[in-house]
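As structure tokens, the structure follows; a few thoughts come after it.
Note that the structure is predicted; figures quoted are calculated from it, not measured. Keep in mind that the numbers below use all heavy atoms, side chains included, and drop hydrogens, waters and symmetry copies.
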Amino acid sequence: MSTKWIIYGLLALALLITLNLVGPLKGTTPSDFPDEFRPVDSNPIQPCPDSPNCVRLSVPLNIDPDKLMTTCETILNNMGAEEVESDSESFQIDAVFRIALFGFRDDFTIRISPDNTGGSILHLSSRSRTGKGDLGVNRRRVQKLLSSIQSVT
């Protein structure tokens with residue numbers, strides 16, 4: 001193998017590491033979302049580990065819990081979730097996404113709580129099962145779900 005290809009490989013690796021740390025591929029952190037989306041004490045989903053491969057939010061929405069449940073199920077299926085298990089009585093959805101290139105599996109958890117105004121609180125979590133970083137996959141997945149909910153309602 002020529003030295004030129006080794007240098008190209010090392011440069012590509014350095015670029016990927018840099019983008020993972022500070023660029024669009026950086027890991028997911030709670031500061032990627034507005035303060036009003038921070039988890040509340042009543043969030044029933046297990047807290048994220050201390051690594052940039054998980055996001056856990058509580059989002060207040062002016063949507064009926066039943067409608068939100070159906071909307072979330074449809075959106076997760078449209079996003080390409082490999083598995084979607086839901087329980088409409090307890091307002092719970094558990095989905096699994098598979099990262100195409102590497103085959104890693106990520107868990108997406110939704111719990112919906114009715115609030116006292118006729119709306120809902122959407123508790124959600126997207127987390128990688130393995131590794132420390134996620135190249136921003138979980139952040140983008142949550143943002144896509146939230147933007148899809150806003151476009152439907």
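Looking at heavy atoms from C-beta onward, Pro49 lies in side-chain contact with Cys54 at the 4.5 angstrom threshold. Side-chain contact between Asn138 and Ser128 is present, with heavy atoms from C-beta onward closer than 4.5 Å. Under the 4.5 Å side-chain criterion, counting only non-hydrogen atoms from C-beta, Ser86 is in contact with Met69. Between Leu122 and Leu146 the shortest side-chain heavy-atom distance falls below 4.5 Å. Contact annotation: the side chain of Cys72 approaches that of Ile149 to within less than 4.5 Å [non-hydrogen atoms, C-beta and beyond]. In this structure, Phe108 and Val142 have side chains that are in contact, with non-hydrogen atoms separated by less than 4.5 Å. Counting heavy atoms from C-beta on, the side chains of Ile121 and Ile112 never come closer than 4.5 Å.
Closest approach of Asn43 and Leu57 over heavy atoms only: ND2-O, 3.4 Å. The nearest pair of heavy atoms linking Pro47 to Arg127 is O-NH1, 3.4 Å. Of all the heavy atoms in Pro65 and Gly118, the pair that sits closest is CD-O, 4.3 Å. Among all heavy-atom pairs drawn from Leu68 and Ile63, the shortest one is N-CG2, 3.8 Å.
By the 6.0 Å contact criterion, CD on Glu83 is enclosed, its count of non-hydrogen atoms from other residues, nucleotides or ligands being greater than 12. Within a 6.0 Å radius of CG in Asp50, other residues, nucleotides and ligands contribute 12 heavy atoms or fewer.
A donor atom on one side chain and an acceptor atom on the other are not found under 3.5 Å apart for Thr74 and Asn77.
Residues that satisfy the side chain to side chain contact (heavy atoms under 4.5 Å, CB included) test with Asn62, not counting sequence neighbours, are absent from this structure.
Side-chain atoms of Ser2 come within 3.5 Å of backbone atoms of Lys4 as a donor-acceptor pair (strictly under, hydrogens ignored). No donor-acceptor pair under 3.5 Å is formed between the side chain of Arg56 and the backbone N or O of His123.
Ion pairing between Arg129 and Asp106 fails under the 4.0 Å rule for side-chain N and carboxylate O.
To the nearest 0.5 Å, atoms CD (Glu85) and OG1 (Thr109) are separated by 11.0 Å. Here Cys48 contributes atom SG and Asn53 contributes atom CG; the two are 8.0 Å apart, rounded to the nearest 0.5 Å. Separation of atoms OG (Ser120) and CG (Asp115) is listed at 6.5 Å; rounding is to 0.5 Å.
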Which pairs of donor and acceptor atoms, one on a side chain in residues 93-100, lie under 3.5 Å apart (sequence neighbours left out)?
unit_1 : atom_1 : unit_2 : atom_2 : d
Asp94  : OD1    : Arg111 : NH1    : 3.3
Asp94  : OD1    : Arg111 : NH2    : 3.3
Arg98  : NE     : Glu82  : OE2    : 2.8
Arg98  : NH1    : Gly103 : O      : 3.0

- side chain to side chain contact (heavy atoms under 4.5 Å, CB included) between Leu76 and Ile110, intermediate numbers included: CA-CA 10 Å; Leu76 288 172; Ile110 291 177; 3.9 Å; yes
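Residues Val59 and Ile45 fall into different hydrophobic clusters, defined by Ile, Leu, Val, Met, Phe, Trp and Tyr side chains chained together at heavy-atom separations under 4.5 Å.
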